[in-house]
Amino acid sequence: MGDKKKTTPEVVEMEKIVGFAKRRGFVFPSSEIYGGFGAVYDYGPYGAELAKNIREAWWKAMVQQNDNIVGLDSSIFMSPKIWEASGHVGGFSDPLSECKKCHSRVRVDHLLEDAGVFADEKMTEEEINGLLVENKEKLRCPKCGGSDFSQAKNFNLLVQSNLGNFTGDWDKEPTYLRGETCQGIYVNYKNVLDSTRVKVPFGIAQVGKAFRNEITARQFIFRKREFEQMEMQMFVHPDDAMDMYEKWRERRWQYYLDLGIKEENLKWHEHENLVFYAKAAWDIEYRFPFGFKELEGIHARGDYDLTQHAKFSGKKLEYRDPKTNEVYVPHIVETSVGVDRTFLAVLTEAYVEEDLGDDKSRTVLKLPKQLSPIKIAVFPLLKNKPKLVEKAREIYDELKMQYMCEFDDNGNVGKRYRRQDEIGTPYCVTVDFDTLETGEVTVRDRDTMEQERVSVDELQDFFTKNL
Ligand code: GAP
């Protein structure tokens, strides 16, 4: 084997990731044969596996490994009152402006950010418009380069629907597709308390789709209109909220390191201008191909959510401590991350182009094994030798009962290795003529490219140890 020299640039370019994701069946633009559908994407065969493994890793770290966190799967549709109580109907909006040259709609805070001007989330329409005028010379339309923009208007991000409304004027009383999954957790807090043995402090975790009418479709799956969140809400005594908050900040940072993300590609970002109810808000940012951007938000939300839902529903959402009898409204510590942003982060982190010397190179996805879409690929050395094919099939049929496996007899073994390297398969098993004599197969490691002989009888043990 030639000298392995890593030629990957510090940060892989976005076009490379987008092209690769499509070519190898990870991410497809939605409705592509109809010209696409803005800011919506589909996961292909390997992408669906990777997304599933991301959800499972998160669920394991939250629900499986903590005896005081339980899971929930609430509906996408909920009473519209929930979105009034949460503040989304009144205040969940982004400032929107139109380029007077090409008529594309742009988010004004992004426009300003691209021009090096910071726009505070809490600014009024008037203040934002003041910034637009002040910085007129610096602003450029990302689509056509134009510099003349209409007045900014706040645009609500909630996605409306006509569910259950048969009057024809549903837009007067719309229902909403949920804008964040955590509201389903808050409104089920009492149900969980009453139906399980949890006691404060306890958490409820949920994975599910959320919808936002994002103004600008950009940065691939980083900002989608239909996306998936993994949110955990910890219900805590008010006096313990900030300690709990710090604990979860630490734990979530460590989670990404355990997921194989290099620490130099992570950064903390503190929200300086907090929404009025939040006590603290920090983001974990990842070094995406377009720079450091929010991957996960960790928020101390105080008693705002339960108080609001108690007010709007007329139901008490207090907690009575069974030991002290103290009655209080629990405070909430939230951790919230997107499946899609984790997907983009792990793909960016794992994508490597390796120079193998002698004019040879390979693209390899150095995914942590738990996230790899396919765990083991099984090959017969030659596809026209029935005995080899039969043995390889036998091994494949056994391993696939436990692991996501792929059978491949197409092209030479070198090509098959490259194909599996590209999709991040940690192990390839090859059945050759010696296998028929000795009962041993070649197991090849994705990262080291080293090969070892393992007895077929010991394959299960080998993978139990290594996967
Ligand atoms: N419950 C809190 C909440 O929803 P957020 O910062 O709006 O907070 C949390 O979203 C996380 O959800 C983000 O850190 C990001 O990972 C993901 N997310 C938000 N909007 C997204 C979008 N349009 N596309 C993909 N992921 C998104």
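FYI, the numbering just counts along the sequence from 1. Every number for a ligand or one of its atoms is a count from 1 in the order of the listing.
An N or O contact shorter than 3.5 Å is missing between F227 and ligand 1 by distance. Among the atoms of E180, some N or O lies under 3.5 angstrom from an N or O of ligand 1.
Q229 NE2, 3.2 Å is the protein heavy atom nearest to atom 12 (O) of ligand 1. Here the heavy atom of the protein found nearest to atom 9 (C) of ligand 1 is S336 OG, 3.0 Å. Of the protein's non-hydrogen atoms, K224 N, 2.9 Å is the one closest to atom 24 (N) of ligand 1. F222 O, 3.2 Å is the protein heavy atom nearest to atom 25 (C) of ligand 1. If you check which protein heavy atom lies closest to atom 8 (O) of ligand 1, you get H299 CE1, 4.0 Å.
Geometric assessment of R252 against the ring of W282 yields a negative cation-pi assignment under the 6.0 Å and 45° thresholds. Judged by the 6.0 Å and 45° rule, K267 forms a cation-pi pair with F292. Judged by the 6.0 Å distance and 45° axis criteria, R55 is not positioned over the aromatic ring of W58.
Here E214 has side-chain heavy atoms under 4.0 Å from ligand 1, and that is the only part of it that gets that close. Contacts between C182 and ligand 1 below 4.0 angstrom, taking non-hydrogen atoms only, involve the side chain exclusively. Residue R225 does not touch ligand 1, judged by heavy-atom distances below 4.0 Å.
The option from T181, V339, L295 that lies nearest to atom 16 (O) of ligand 1, judged by heavy atoms, is L295. Evaluated by nearest non-hydrogen atom to atom 7 (O) of ligand 1, the leading choice among R212, E334, Q183 is R212. Residue E294 holds the heavy atom nearest to atom 6 (O) of ligand 1 of all those in R341, E294, E296.
Below 4.0 Å from some heavy atom of V337 lie the following atoms of ligand 1, by number and element: 16 (O). Annotation for ligand 1: atoms under 4.0 Å from non-hydrogen atoms of R223 are 22 (C), 23 (N), 24 (N). The E231 neighbourhood of ligand 1 comprises atoms 1 (N), 2 (C), 3 (C), 4 (O), with distances under 4.0 Å to a heavy atom of that residue.
Using a cut-off of 4.0 Å between Lys/Arg side-chain N and Asp/Glu carboxylate O, E98 and R105 are scored as salt-bridged. Between K136 and D148 a salt bridge is recorded (basic side-chain N to carboxylate O distance below 4.0 Å). With respect to R419 and E406, no salt bridge is recorded, no charged nitrogen being found less than 4.0 Å from a carboxylate O. A salt bridge does not link E296 to R341: none of the charged side-chain nitrogens sits closer than 4.0 Å to a carboxylate oxygen. The existence of a salt bridge linking E49 and K52 is confirmed by a sub-4.0 Å separation between a basic side-chain nitrogen and an acidic carboxylate oxygen. Between K81 and E84, no side-chain nitrogen of the basic residue sits less than 4.0 Å from a carboxylate oxygen of the acidic one, so the salt-bridge criterion is not met.
Ring geometry for F235 versus Y186: interplanar angle over 60°, hence perpendicular rather than tilted (30 to 60°).
Checked options E422, E354, E353; the residue passing with K366 is E354 (criterion: salt bridge (charged side-chain N to carboxylate O under 4.0 Å, His left out)).
Note on ligand 1: R301 sits in its first shell, one or more heavy atoms being nearer than 4.0 Å.
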